[in-house]
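Data block below; observations after.
By convention in this document, chain letters (A, B, ...) are assigned in the order of the sequence lines, proteins followed by strands, and residues within each chain are numbered from 1.
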2 protein chains.
Amino acid sequence: MRELGRELGVEAASLYNHVAGKDDLLDGMVELAIAEIEVPGEGVGWKEAMRRRAISAREVFARHRWAAPLHDSRDRTGPHSLSYVDGVLGVLIGAGFSPAAAANAFLVVDGYIYGFERRQSGLALDEGATATDAAEEVLAAIPEGAYPNAVRVAMEFATTPFDHDAAFDFGLGLILDGLERLLPGE
Amino acid sequence: MRELGRELGVEAASLYNHVAGKDDLLDGMVELAIAEIEVPGEGVGWKEAMRRRAISAREVFARHRWAAPLHDSRDRTGPHSLSYVDGVLGVLIGAGFSPAAAANAFLVVDGYIYGFERRQSGLALDEGATATDAAEEVLAAIPEGAYPNAVRVAMEFATTPFDHDAAFDFGLGLILDGLERLLPGE
DNA sequence: ACCTGAACACCGTTCAAGT
DNA sequence: ACCTGAACACCGTTCAAGT
């Protein structure tokens, strides 16, 4: 609050004339970020719509790195979040999924989108570091011949750089193909 | 720190004789939580091992509700985290995945585990609330005939309660089946 | 070796007082 | 209607002083 006030050339206390409090402010920021995710509607197949939506979400969360963790930590659902959920469910129901199946499918795809980013650090594969950096970091922290599999994977990525976009698309395609198999044949 | 000190019957300042600081403490807590996740090794098929591991992780994060978000927010990787990653990669490599494919598969499954829990709030499907509560909450917040799909799904869950475990298992099975299809036939 | 008390630099928030 | 200054109750952390 104090820092935001400084940035705006105003005292921290003045902010409370425009916002209810810090929580209110953070909720609003999340809403604005969610609003940037595009959910293709008519005109494209459900699979293509889901793929574009996922890539758009990933792009938005990459642009606003604070958004995904912030979204997770709050549970207030604003109008933009609701219409985002509504749009995705609409695509799935339109494709032939029952309402219950659409909810399940939404959770699988959305869970993946949100979970993918943050699990990369577990593999020491953060975007910032080069593959060699990551490999060295892992190898340096290891005592003896412990963690043989992690070492092997790290060495693999020392020679062949890890492609984040390709990895994300790999899992996304796998999930969408799995969902397609659930639809009654046409 | 002050609250923890109170709980231990000690002044907050005294804690710094045992811990480097708050960050150090939180890193240690995450490590202990991760250590509770069981990664089955030999003796079971890779698919069964992955499924048990996922269910164990979900159970641990349900028992320690602070663990998953805390794990996400820090990037230090301790020995337990490393051996967790190593164990999972070992199962996958042992199943016939290449090191690179194992890393991809790890990210898909692990991303799903971490993402699933927190996306439920987006559907107003939190464990605490009954299905009827959730439906009422969603319906009450809606102006006109807006969000028709979300309303339809909410009404569905008002009659048929949402089964979190089944939903998690649904997505997990879908992902594991997808991974199995990538393995060379035997 | 471990604890305490006091202090430091920081928070978010409130509120009377100004314009 | 909006801003300010001062204050409040809180943080994590440091450090000299005690035992």
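- The CD atom of B:E11 sits 14 Å away from the P atom of C:dA7 (whole-angstrom rounding).
- Remark: aromatic rings of B:H71 and B:F61 are distant, center separation not under 6.0 Å.
- Look at B:H18 and you'll find a side-chain N or O under 4.0 angstrom from OP1 or OP2 of C:dC3.
- Rounding to whole angstrom units, CG of residue B:N17 and C1' of D:dT19 are separated by 13 Å.
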Checklist entry - Given B:D110 and B:R53, is the salt bridge (Lys or Arg N to Asp or Glu O under 4.0 Å) satisfied, shown in steps? => result CA-CA 10 Å; B:D110 229 51; B:R53 193 263 306 194; 2.5 Å; yes

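- For the pair B:R58 and B:F116, the cation-pi criterion (under 6.0 Å, within 45° of the ring axis) is not fulfilled.
- For A:L8 and D:dC2, the CG to C1' distance is 14 Å, given to the nearest whole Å.
- Look at A:E59 and A:R63 and you find a salt bridge, because one of the NZ, NE, NH1 or NH2 atoms lies within 4.0 Å of a carboxylate O, short of that distance.
- Between A:E48 and A:R52 there is a salt bridge, with a side-chain nitrogen of the basic residue lying less than 4.0 Å from a carboxylate oxygen of the acidic one.
- When Watson-Crick and G-U wobble pairs are counted only if both distances are under 3.5 Å, C:dA9 pairs with no nucleotide at all.
- Residues B:R51 and B:K47 fail the side-chain proximity criterion, which asks for heavy atoms closer than 4.5 Å.
- Summarising the base pairing, C:dA16 is matched to D:dT4 through a Watson-Crick or G-U wobble pair whose two defining distances lie under 3.5 Å.
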Checklist outcome for this item: With sugar-phosphate taken as primed atoms, P, OP1 and OP2 and all else as base, the protein-contact string of nucleotides 10-16 of chain D at under 4.0 Å (heavy atoms; B, S, -) is -BBBBB-

